[in-house]
Amino acid sequence: MELKKVRLKKHLGQHLLVSKGVLTKIADELELSEGDRVVEIGGGTGNLTREILSRNIGKLYVLEVDPAMVEMLEGIEDGRLEVLREDATSFNLCSLGEKLKVAGNLPYNVGSLIVENIAKSRCVKLAVIMLQKEVALKLLGKEKPSWLGIFLRTFYEAEYVMSVPRKFFVPPPRVDSAVLKLRRKDKVSVDDPDLYKKMLTRLFSARRKKLKKKISEKLLLEAGVSPDVRVEDLSLEDFVRLYSLYKAQRPL
Ligand code: SAH
């Protein structure tokens, strides 16, 4: 099997998913149909790549940074496959088309950066991704809220698909994992993701501080938010309302 031929690199988060059941589930959750354009992030030795190619799809792009893995993936003979040696934290996904479906057993060290890149990409309509379980729960707002969780859920409906124990990977990571499914919302009123990120990271800095220490009291009152609450007291709707006022008050 391929595993013997390749040295796995820890700094690239190379933990291969070897459970056929989980690979099948990820592909099922992608709701694949003829003509779909799919992007896989971090193809590795191609376990998920092959699973996706076993389905009826139009095109599969695989992003991978490790040249040894790229070479291995290029060995898969399939006219629908295109392997790109690109960094998924910064690659412009929308250069690959519209209404994309994204899948991946993400490299955990840069998992959040990749989630941010997906969230910013209007062209992604559905994503099924494996992440560190703790990170997944945070993104869903099940644990201490984070700016990235709010950012993601502003653009996507996020759903917990399943937990995946560490024993399903080679080599097993030190933490358990989870699969999330993200579905792009039809109507998103946030039109400038970079500005939105700026506002969110500002509000989430020094969490224990009251909001009025971070953003104008007038703006908070206009948005119907008490200036004396803390960032974890806000709902998703509060953030979106704050954003439209925040944007409007900025000099162009
Ligand atoms: N999908 C495979 C491998 C997952 S491991 C499997 O499940 O078996 C994560 C993969 O992401 C590794 O192959 C690693 O080389 C790749 N990777 C790491 N950083 C990356 C980045 N910034 N962009 C794209 N791929 C990356």
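Along the sequence shown, residues carry numbers from 1. Ligands are counted one by one from 1 in listed order, and the atoms in each one are counted from 1 as well.
Salt bridge annotation for Asp78-Arg50: absent, with no cationic side-chain nitrogen under 4.0 angstrom from a carboxylate oxygen. In summary, Lys247 and Asp192 do not engage in a salt bridge, as defined by a charged side-chain N under 4.0 Å from a carboxylate O.
Looking at Gly42, Gly46, Ala68, it is Gly42 that brings a heavy atom closest to atom 1 (N) of ligand 1.
Under 4.0 angstrom from ligand 1, the non-hydrogen atoms of Val65 come from both its backbone and its side chain. Of the heavy atoms in Met130, none comes closer than 4.0 Å to ligand 1.
Checked by atom type, the side-chain pair Ser205/Lys214 shows no donor-acceptor distance below 3.5 Å.
Nearest protein heavy-atom neighbour of atom 12 (C) of ligand 1: Gln14 CG, 3.4 Å. The nearest heavy-atom contact from the protein to atom 18 (C) of ligand 1 is Leu12 O, 3.1 Å. Atom 8 (O) of ligand 1 has Leu17 N, 3.1 Å as its closest protein atom, hydrogens excluded (heavy atom only). Remark: minimum distance from atom 16 (C) of ligand 1 to any protein heavy atom is reached at Glu64 OE2, 3.3 Å. For atom 23 (N) of ligand 1, the closest non-hydrogen atom on the protein side is Ala88 N, 2.9 Å. The protein heavy-atom contact nearest to atom 7 (O) of ligand 1 is Asn105 ND2, 2.8 Å. Atom 22 (N) of ligand 1 has Asp87 OD1, 2.9 Å as its closest protein atom, hydrogens excluded (heavy atom only). In this structure, atom 2 (C) of ligand 1 lies nearest to the protein heavy atom Gly43 O, 3.4 Å.
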Test Thr154 against Leu200 for side chain to side chain contact (heavy atoms under 4.5 Å, CB included), laying out the working first.
CA-CA 11 Å; Thr154 297; Leu200 290 178; 5.6 Å; no
Apply ring pair (Phe, Tyr, Trp, His ring centres under 6.0 Å) to the pair Tyr243 and Phe239, showing each step before the final yes or no.
CA-CA 6 Å; Tyr243 164 79; Phe239 287 107; over 10 Å; no
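For Lys198, the NZ atom sits in a loose shell: 12 or fewer heavy atoms of surrounding residues, nucleotides or ligands are nearer than 6.0 Å. A 6.0 Å sphere centred on CZ of Arg230 holds more than 12 heavy atoms belonging to other residues, nucleotides or ligands. Within a 6.0 Å sphere centred on CZ of Arg85, heavy atoms belonging to other residues, nucleotides or ligands number 12 at most. With a 6.0 Å radius and a threshold of 12 heavy atoms from other residues, nucleotides or ligands, Glu143 has its CD atom above the threshold.
Annotation: Thr89 places no N or O atom under 3.5 Å from an N or O atom of ligand 1; distance criterion only. In terms of polar-atom proximity, defined here as any N/O pair under 3.5 Å, Met69 makes no such contact with ligand 1. Annotation: Thr45 places no N or O atom under 3.5 Å from an N or O atom of ligand 1; distance criterion only.
Against a heavy-atom cut-off of under 4.0 Å, Glu86 is close to the following atoms of ligand 1: 23 (N), 24 (C). Which parts of ligand 1 touch His15 is read off a 4.0 Å heavy-atom cut-off, strictly below it: atoms 4 (C), 5 (S). Residue Glu40 has at least one heavy-atom neighbour below 4.0 Å for each of these atoms of ligand 1: 1 (N). Listed by number with element, the atoms of ligand 1 under 4.0 Å from a non-hydrogen atom of Leu16 are 3 (C), 6 (C), 8 (O). Each of the atoms 15 (O) of ligand 1 lies under 4.0 Å from some heavy atom of Asp66. Less than 4.0 angstrom separates some heavy atom of Gly13 from each of these atoms of ligand 1: 5 (S), 9 (C).
Cluster membership for Leu16 and Ile41, using ILVMFWY side-chain heavy atoms within less than 4.5 angstrom, is not shared.
Listed for the Asn105 side chain is a donor-acceptor partner under 3.5 Å among the backbone atoms of His15. Panel note: side chain Ser121, backbone Val124; no donor-acceptor pair is recorded below 3.5 Å.
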